[in-house]
Amino acid sequence: MIKKGSWVQIRKIILNPNERASNLPETTKKVPLLLWVKGTLTKDSSIGDTVEIETVTGRIESGELISVNPCFLHTYGNYIPELHEIDRILKETLYGCDKNE
Amino acid sequence: MNNSYNSVMQRKNEIMQKSVGINYQTHEKNYINFDYEALLHEGDFSLEQIKNIQNNNGVGSTPLKECKNITQLARKVSKPGYGARIFIKDESLNDSGSFKARRASISCYQAKKMGFKGVIAATSGNYGAAVASQAAKYGLKCIIVQECYDSKGIGQPEIIEKARACEAYGAEVVQLSVGPELFYKFLLLLEETGYFNASLYTPYGIMGIETLGQEIIEDCLRITGNVPDMVVCTNAGGGNLTGTARGIKKTTNEPVTIVGASVNLKGLHMANDIDFNKKSFTTGHTGFGLPFIINPDRSDVPRSAARPLRYIDRYVTVNQGEVFFITEALAVLEGIERGPAGNTSLAAAFSLAQELKENQIIVVQETEYTSAGKHHQAQLAFARDNGIDIYFGDPQEEVPGKTIVFPSSVDMIKAIDIDLDTIRKKYLQNQFLKTNKLSKQDLLYLIQETNTSEEFVLNEIRKYKINVEDDYE
């Protein structure tokens with residue numbers, strides 16, 4: 001049970017595929033237009049419930065409850081070894097064999 | 001109230017009018033032209049006033065920095081005596097991390113002055129964070145609407161970072177999956193909240209950038225004793241280039257070549273759910289740059305204040321691999337770590353500098369901040385995870401959506417020209433679809449819009465059997 005007042009994220013369908021704009025690529029036309037927004041829960045609920053939230057601007061939105069205390073997990077990504085090769089090309093072109101001298 | 005897609009789109013003009021506070025109709029003239037300068041005087045701001053508003057709100061007076069090592073690098077592959085001095089205007093140092101703060105500062109100032117309780121912007125880019133940051137300063141509520149996820153819920157890391165920044169500044173962030181119907185949700189939000197539409201395309205946004213053009217001239221004169229020979233502006237919706245060029249022209253009469261630069265994303269469709277996460281750049285690319293320069297009035301407002309074709313002298317493209325390469329160069333050769341999208345113009349400038357003499361000056365008009373998600377390491381990792389093949393070779397072989405090609409040697413970095421006359425003709429073709437007659441005022445307008453001549457425009461008119469009043473041949 002997730003308590004009222006918790007910071008959560010909801011997802012909802014804004015437009016079903018048959019309600020979408022007419023001039024879209026096929027891949028886009030066949031999927032619904034989805035919305036994600038965060039806010040505080042207006043009553044005790046469970047993940048998967050259709051809930052109402054109050055956003056930081058005071059709007060009420062409703063949708064499927066998908067996460068509590070949603071956080072940001074984006075990173076600098078998996079290591080890209082090519083960046084070292086770029087460094088080598090740059091330093092060799094600029095400084096030749098003497099490197100930084 | 002009928003909130004179906006079509007009903008809401010039909011109410012678009014009415015909603016826009018209320019949320020922008022500009023009566024666009026008053027500037028319209030017969031038959032297809034409008035008074036551009038009058039539009040830009042909405043709000044009645046002088047450059048001095050804009051400068052003051054910005055300086056009081058963490059915006060402007062950013063340093064102009066000479067990239068001595070990158071200049072030397074260009075000279076290693078230039079003809080003898082060639083290789084202009086390359087400078088960057090470090091716009092990442094504005095509050096919120098990009099030149100977009102200049103636009104947001106005036107939009108939010110205007111919203112507050114007109115008594116709006118909040119502001120809304122539809123943007124997946126730096127403009128969102130800029131509006132959120134400025135809204136915070138003015139005590140305005142803020143909603144940022146982003147196109148962030150594909151239908152599987154996979155978000156572009158750069159856009160996720162923007163969401164984080166907007167939330168950090170206290171804004172509400174509404175995220176959508178891929179599709180132009182974002183505009184529909186945006187209109188619904190404007191109607192529901194009565195907030196100000198901090199559109200990228202209003203005069204306020206463009207006027208905010210004029211100070212950037214002015215500073216470039218003043219900084220360059222102070223540091224080198226000369227105005228720049230060339231200024232390179234990343235181009236997407238056109239506001240960046242428009243504002244900068246106008247600011248330059250208000251500050252100096254000396255000739256300065258204005259170059260627009262976009263990342264080449266040829267072949268990728270902007271509304272395609274699959275293509276969405278196959279690109280490494282969410283703006284500053286041809287996916288926006290080309291449609292908007294050909295038809296500026298495709299934006300959310302009836303008449304866009306962003307009209308780059310009026311000012312652009314050259315339009316060049318660079319590839320994703322070249323921009324990532326130069327981003328790494330800026331870090332390891334100059335000790336300046338900045339986001340890749342903000343280096344699109346630097347990549348172009350690296351090539352263009354080789355066409356100019358050593359004593360000439362080329363200014364890259366922006367940089368942007370970097371962070372998790374935005375960093376070139378993060379963008380490349382995301383690309384690789386999405387099946388993009390990354391390798392060294394000839395950047396001209398790059399196929400957007402399939403490959404990212406780093407140059408195997410620095411002389412392979414090439415800014416490729418787009419033929420501006422073709423763009424001008426396409427622009428005119430679109431205009432001629434609206435009418436079968438033109439007034440003398442229309443003719444003058446079209447000459448200004450395309451930055452050409454009577455001969456050029458009349459030549460096109462003849463192909464479309466349009467009548468021009470006042471007995472022009």
Side-chain angles (χ1 to χ4, degrees), chain A residues 7 9-39 53-61 66 70-96 100, chain B residues 4-5 69 72-73 76-77 118 141-143 148-149 151 153 155 157 160-161 163-164 167 170-181 184-185 192-193 269 271-275 324-325 328-329 332-333 372-373 375-382 384-385 390-392 406-410:
Chain A
W7 179 246
Q9 187 181 40
I10 60 167
R11 180 182 57 211
K12 68 193 280 184
I13 292 177
I14 294 294
L15 292 170
N16 286 305
N18 61 323
E19 295 168 318
R20 297 198 68 158
S22 47
N23 55 341
L24 293 176
E26 264 319 300
T27 50
T28 314
K29 210 191 293 227
K30 63 183 188 188
V31 293
L33 182 70
L34 300 167
L35 177 149
W36 291 259
V37 70
K38 297 174 190 171
I53 59 166
E54 184 177 329
T55 70
V56 295
T57 63
R59 291 187 324 109
I60 303 294
E61 275 273 15
I66 59 168
C71 60
F72 290 99
L73 297 172
H74 55 292
T75 68
Y76 286 86
N78 288 328
Y79 174 62
I80 299 285
E82 284 85 351
L83 293 177
H84 282 294
E85 175 59 13
I86 294 179
D87 294 352
R88 190 200 63 74
I89 293 171
L90 290 168
K91 288 178 184 175
E92 199 170 280
T93 313
L94 186 55
Y95 301 117
N100 287 25
Chain B
S4 73
Y5 179 75
N69 289 333
Q72 275 307 115
L73 188 73
K76 291 281 181 188
V77 295
K141 292 197 185 181
C142 180
I143 302 176
C148 184
Y149 295 101
S151 59
I160 291 176
E161 162 54 24
R164 184 209 62 77
E167 283 186 21
E172 173 184 335
V173 182
V174 173
Q175 294 172 309
L176 269 61
S177 57
V178 178
E181 305 99 325
Y184 153 78
K185 180 60 184 174
E192 179 190 338
T193 59
H269 195 294
N272 186 314
D273 184 70
I274 311 274
D275 285 356
F324 286 128
F325 187 96
E328 183 67 12
V332 301
L333 296 184
H375 197 276
H376 55 297
Q377 158 67 69
Q379 285 296 308
L380 287 164
F382 185 70
R384 188 157 263 164
D385 288 346
I390 302 173
Y391 62 91
F392 286 90
F406 299 132
S408 332
S409 55
V410 304

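Small disclaimer: the values here were computed from a predicted structure and weren't measured.
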Treating Ser151(B) as the side-chain partner and Val31(A) as the backbone partner, does any N or O pair qualify as donor plus acceptor under 3.5 Å?
no
Indicate whether the side chain of Asn272(B) and that of Thr27(A) have a donor and an acceptor atom separated by less than 3.5 Å.
yes
Closest approach of Pro32(A) and Ser177(B), non-hydrogen atoms and distance?
O-OG, 3.7 Å
Out of Asp385(B), Leu73(B), Ile390(B), Asp275(B), return the one with the most heavy atom pairs under 4.5 angstrom to chain A.
Leu73(B)
Leading residue by heavy atom contact count with chain A [cutoff under 4.5 Å; candidates Gln377(B), Gln175(B), Arg384(B)]
Gln377(B)
Please look at Leu34(A) and chain B and tell me whether the side chain, the backbone, both or neither of the residue comes under 4.5 angstrom of a heavy atom of that chain.
both
Just give me the residue among Gln72(B), His269(B), Glu161(B), Arg164(B) that pairs up with chain A most often, heavy atom to heavy atom, under 4.5 Å.
Arg164(B)
Which bit of Cys142(B) is near chain A, if near means a heavy-atom gap under 4.5 Å: side chain, backbone, both or neither?
backbone
Under 4.5 Å heavy-atom distance to chain A, tell me which part of Ile160(B) shows up: side chain, backbone, both or neither.
both
Okay, Arg11(A) and chain B: the region with an atom under 4.5 Å from a heavy atom over there is neither
I want to check something: taking the side chain as every heavy atom from C-beta on, are Glu328(B) and Glu85(A) in contact at a cut-off of under 4.5 Å?
no
Of the backbone (N, CA, C, O) and the side chain (C-beta and beyond), which part of Gln379(B) lies under 4.5 Å from a heavy atom of chain A, both, or neither?
neither
Interchain contact, Ile86(A) with chain B, by part (heavy-atom threshold 4.5 Å)
both
State, yes or no, whether a side-chain contact exists between Asn69(B) and Tyr95(A) at a heavy-atom distance under 4.5 Å.
yes
With a 4.5 angstrom heavy-atom cut-off, could you sort out which part of Glu19(A) is near chain B: side chain, backbone, both or neither?
backbone
Side chain proximity check, Phe325(B) to Leu90(A), heavy atoms < 4.5 angstrom
yes
pair Phe72(A)-Glu167(B): side-chain heavy atoms closer than 4.5 Å:
yes
Side chain from CB out, backbone as N, CA, C, O: work out which of these in Val174(B) comes under 4.5 Å of a heavy atom of chain A, or both, or neither.
both
Please determine if Lys185(B) and Glu61(A) form a salt bridge, counting it only when a charged side-chain N lies under 4.0 Å from a carboxylate O.
yes
Part of Ser4(B) lying under 4.5 Å from any heavy atom of chain A
neither
Specify the closest pair of heavy atoms between Pro407(B) and Ile89(A), including all atoms of both residues, with the distance to one decimal.
O-CD1, 4.1 Å
Which heavy atom of Glu181(B) sits nearest to which heavy atom of Leu24(A), and what is that distance?
OE2-CD1, 3.2 Å
Side-chain touch Phe324(B)/Leu83(A), heavy atoms, less than 4.5 angstrom:
no
Roughly how far, to the nearest 0.5 Å, is the CG atom of Leu333(B) from the OG1 atom of Thr93(A)?
9.0 Å
Which heavy atom of Ala381(B) sits nearest a heavy atom of Gly77(A), and at what distance?
CB-CA, 3.7 Å
Please determine, among Val37(A), Val56(A), Ile80(A), the option with the most heavy-atom pairs under 4.5 Å with chain B.
Ile80(A)
Contacting region of Tyr76(A) [heavy-atom separation from chain B under 4.5 Å]
both
Is any NZ, NE, NH1 or NH2 atom of the basic residue among Lys38(A) and Glu172(B) found under 4.0 Å from an Asp or Glu carboxylate oxygen of the other?
no
Atom of Ala372(B), atom of His74(A) and distance for their closest heavy-atom approach
O-CD2, 3.1 Å
Sort Leu15(A) into side chain, backbone, both or neither according to what part of it lies under 4.5 angstrom from a heavy atom of chain B.
side chain
Relative to chain A, which segment of Ala163(B) carries a heavy atom at a distance below 4.5 Å: side chain, backbone, both, or neither?
both
Please determine whether side-chain contact (heavy atoms from CB on, under 4.5 Å) holds for the pair Phe406(B) and Glu82(A), giving the CA-CA distance in whole Å, both sets of side-chain angles, and the decisive distance to 0.1 Å.
CA-CA 9 Å; Phe406(B) 299 132; Glu82(A) 284 85 351; 3.6 Å; yes
Which atoms of Tyr391(B) approach chain A - backbone, side chain, both or neither, heavy atom under 4.5 Å
neither
Indicate yes or no: does Lys76(B) engage Glu92(A) in a salt bridge with an N to O separation below 4.0 Å.
no
Rounded distance (nearest 0.5 Å) linking atom OH of Tyr184(B) with atom CG of Leu33(A)
9.0 Å
Quick one: what part of Thr57(A) sits under 4.5 Å from any heavy atom of chain B, side chain, backbone, both or neither?
both
Which class fits the ring pair Trp36(A) and Tyr149(B): parallel under 30°, tilted 30 to 60°, perpendicular over 60°?
tilted
